[in-house]
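Residue indices begin at 1 and follow the sequence shown. Just so we're clear, the structure is a prediction, and the values are computed from it rather than from any experiment.
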Amino acid sequence: MPRAWEADPSALFERRLGRSAAELGVSDGRDECPDIWQLDNGDIAVIGTDLTAAYTAHLPEGVSLAPDERLVVIPGTMLRAAKPDIPDA
């Protein structure tokens, strides 16, 4: 049975939502740069620390991860900074 939604790997990065990790002070500017981006097809890409293994056994009821999905964590300040860039439904 096909999924209701499938990520499109050909979509390109269009614009950052919020501010960069460096601007928020959550990166030293080298290799740890969490980020949130809107893709040109409207989907959202989140770059964060992969904590799938740490959280899998503790997921709330009704939450599951497909074999090709990862649970990533980003700083809360990063999502709050992106709020003005995310339109209301």
Which side-chain N or O atoms in residues 61-68 pair as donor and acceptor under 3.5 Å with protein atoms at least two apart or in another chain?
residue	atom	partner	partner atom	Å
D68	OD1	R3	NH2	2.6
D68	OD2	R3	NH1	3.3
D68	OD2	R3	NH2	3.3

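- The same ILVMFWY cluster, assembled from side-chain heavy atoms under 4.5 Å apart, contains both V46 and V26.
- With a 4.5 Å cut-off on side-chain heavy atoms, W37 and L17 do not count as touching.
- Side-chain contact between D85 and R15 is present, with heavy atoms from C-beta onward closer than 4.5 Å.
- Closest approach of R16 and D35 over heavy atoms only: NH2-OD2, 2.7 Å.
- The minimum heavy-atom distance linking L24 with A81 is given by the pair CD2-CB, 4.0 Å.
- Residues S27 and A22 come closest through the heavy atom pair CB-N, 4.2 Å.
- A distance of 10.0 Å separates CG of L39 from OG of S10, quoted to the nearest 0.5 Å.
- Side-chain contact between I36 and I44: present, with at least one pair of heavy atoms (C-beta onward) separated by less than 4.5 Å.
- Nearest heavy atoms, A21 versus C33: CB-CA, 4.2 Å.
- Grouping the Ile, Leu, Val, Met, Phe, Trp and Tyr side chains by contacts below 4.5 angstrom, directly or via other members, places F13 apart from I86.
- Across all non-hydrogen atoms, the minimal contact from M78 to R19 is CE-O, 4.0 Å.
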Sequence neighbours left out, cut at 3.5 Å: what donor-acceptor pairs do the side chains of residues 48-56 make with other protein atoms?
residue	atom	partner	partner atom	Å
D50	OD1	T52	N	3.0
D50	OD1	T52	OG1	2.6
T52	OG1	L71	N	2.8
T56	OG1	T52	O	2.5

